[in-house]
Amino acid sequence: MSRNASSTADLAAADLPHLWLPYTQMQTAPFPVEAVSTSGSRITLADGRELVDGVAAWWTACHGYSHPHIHAALVRQAEQMPHVMFGGMVHEPAIRLAARLAAMLPGDLERVFFTDSGSVAMEVAIKMAVQYHINRGTEGRTKILSFRGGYHGDTLGMMSICDPEEGMHSLFAGVLPEQVLADLPVDADSLARIEALLAERGDSIAAMVTEPLVQGAGGMLFHDPEVLRRLRELCDRHGILLILDEIFTGFGRTGTMFACEQAGIVPDIVALSKALTGGTMALAATVARQHVFEAFLSDSAGHALMHGPTFMANPLACAVANASLDLFETEPRLEQVAAISAQLARELEPCRALPRVKDVRVLGAIGVVELETLDDPDALRRAFVERGVWIRPFRNIVYLTPAFTIPPEELKRLTTAIVDVLRERA
């Protein structure tokens, strides 16, 4: 149902027939803008306006929208085999993609289990970790240790390991299984606290879970690579598996193909999604090291990993993921990320002098302006749309995660809009 901008001015999201939108109080939220086409870093709306996208379709469209190489791969695969079950049957796009991921990832992260969303990929990672200990005959390791500020998805299992202060999850506190929560060991005091916690409860913990370098939905919170090295050492010392959630950080977003490379560590299990298909199809992967996989090898069927999404390893999604990896190999994506990083740092710096701005920070193709408070994100979003940009503030941050292919002049439109809007509302 297309509407022009003037006809939606007095409507709320609740006036949409049939749809229920994500993270939205439908009664009070404004009527959403309607997209009709995309190209490069631009979104065209039903009323004819064009927006420069500053968040790359929730951090996925790393090559920009409608890249011809990805589009061609999608069409070829659709004509040949759009889908086939992955139970007792495999196909070339999945075989090739798994081999390429194993070659790209550090160490012996070699066994790839495909799913269709990041949250499910993390659910599988948790199941792998718990069953790893069970299959090895280790009793009592059933808990997952996660960190304040963390976010790993909205399924029930993932909600149990997200920061309990995260508003969208706190309502379910009485339903979720109790896990173990700690502060990231970013200094001597927090390191001492987690060491004490592991000394007391380490033998009950199956795995430690974190987002490397950036806690994304928790507020784009950055930490040093040294933190990851500490976590790896703690896990090794206490016999705990280390799971890295690279759903947001993977595929170049932080400046390296995978964030864990900057710490020089290899997790036992890693979850990937978001930019895996270049923002074209739903696909995710949980990748395990060889020693994790070997714990599931047995003459007993009960030692197998019992999980299998219906659209697991969808051939269309695998084909476009292979096309996305082609682009990382043939086009200068990491150099583009470095250029974006420098431009973000330069052009967001004026925000630091504005009232109510708490911090300005940049890592790779992530630029963040943290405010003391953000009372009306919908009003900010509308102000950005009026300036021809799509920026989606949340919590107390205004941030950019653009496509790696965004032209400098379009990136400048985004940074200028942030500076101008925040200055006007200071």
ask   = Near E372 CD, under 6.0 Å, is it more than 12 heavy atoms from other residues, nucleotides or ligands?
value = yes
task = Return yes when atom NE2 of H71 has more than 12 non-hydrogen atoms of other residues, nucleotides or ligands closer than 6.0 Å, and no otherwise.
result = no
message = Does E329 have more than 12 heavy atoms from other residues, nucleotides or ligands lying within 6.0 Å of its CD?
response = yes
key: R333/Q336 under side chain to side chain donor-acceptor pair (under 3.5 Å): CA gap, chis, key distance, verdict   = CA-CA 5 Å; R333 290 293 176 264; Q336 289 169 323; 2.8 Å; yes
query = Hey, is CE on M85 packed in by over 12 heavy atoms from elsewhere, all under 6.0 Å?
reply = no
ask   = If you look at every heavy atom in V360 and L348, which pair is closest and at what distance?
value = CG1-O, 3.8 Å
query = Under 3.5 Å, side chain of Q131 to main-chain N/O of H303, donor-acceptor pair present?
reply = yes
Let me have the donor-acceptor pairs involving side chains of residues 104-112, under 3.5 Å, with sequence neighbours excluded, atom names and distances please.
from, atom 1, to, atom 2, distance (Å)
D108, OD1, R289, NE, 2.6
D108, OD1, R289, NH2, 3.4

message = salt bridge (Lys or Arg N to Asp or Glu O under 4.0 Å), that's the test. Do D236 and R232 meet it? Break it down for me.
response = CA-CA 6 Å; D236 290 341; R232 179 71 274 180; 2.8 Å; yes
request  = For residues 194-205, pull every pair meeting side-chain hydrogen bond (donor to acceptor under 3.5 Å, both in side chains), keeping only residues two or more places apart or in separate chains.
outcome  = none
request  = Go through the steps to decide whether R387 and D420 satisfy the test salt bridge (Lys or Arg N to Asp or Glu O under 4.0 Å), and finish with yes or no.
outcome  = CA-CA 10 Å; R387 284 163 174 78; D420 289 349; 5.2 Å; no
ask   = Is any side-chain heavy atom of V357 closer than 4.5 Å to a side-chain heavy atom of L371?
value = yes
query = Do the ring planes of F404 and F328 sit parallel (below 30°), tilted (30 to 60°) or perpendicular (above 60°)?
reply = perpendicular
task = Quick one: which residue pairs count as a side-chain hydrogen bond (donor to acceptor under 3.5 Å, both in side chains) with a foot in residues 311-326, not counting sequence neighbours?
result = H63-S324, H69-D326, H83-N314, R100-N322, R100-D326
request  = List the steps, then state whether salt bridge (Lys or Arg N to Asp or Glu O under 4.0 Å) holds for R237 with E233.
outcome  = CA-CA 6 Å; R237 195 192 318 164; E233 192 278 329; 2.6 Å; yes
ask   = For residues 231-250, which residue pairs qualify under ring-ring contact (aromatic ring centres under 6.0 Å, His included), counting only residues two or more places apart or in two chains?
value = W59-F248
ask   = Is any side-chain heavy atom of L244 less than 4.5 Å from a side-chain heavy atom of T249?
value = no
ask   = Under 4.5 Å between any side-chain heavy atoms of E347 and T416, yes or no?
value = no
message = Between F86 and P315, is there a side-chain heavy-atom distance shorter than 4.5 Å?
response = no
query = Do C235 and L241 have side-chain heavy atoms sitting under 4.5 Å apart?
reply = no
ask   = Any side-chain heavy-atom pair from L242 and I240 closer than 4.5 angstrom?
value = no
task = Quick one: which residue pairs count as a ring-ring contact (aromatic ring centres under 6.0 Å, His included) with a foot in residues 183-216, not counting sequence neighbours?
result = none
key: Check: D163 side chain, G150 main-chain N or O, donor-acceptor pair, under 3.5 Å   = no
inquiry  = According to side chain to side chain donor-acceptor pair (under 3.5 Å), who are the partners of T256, at least two apart in sequence or on a separate chain?
reply    = Q262
message = Is it the case that the side chain of Q179 and the backbone of S146 share a donor-acceptor pair, with hydrogens and angles ignored and the cut-off at 3.5 Å?
response = no
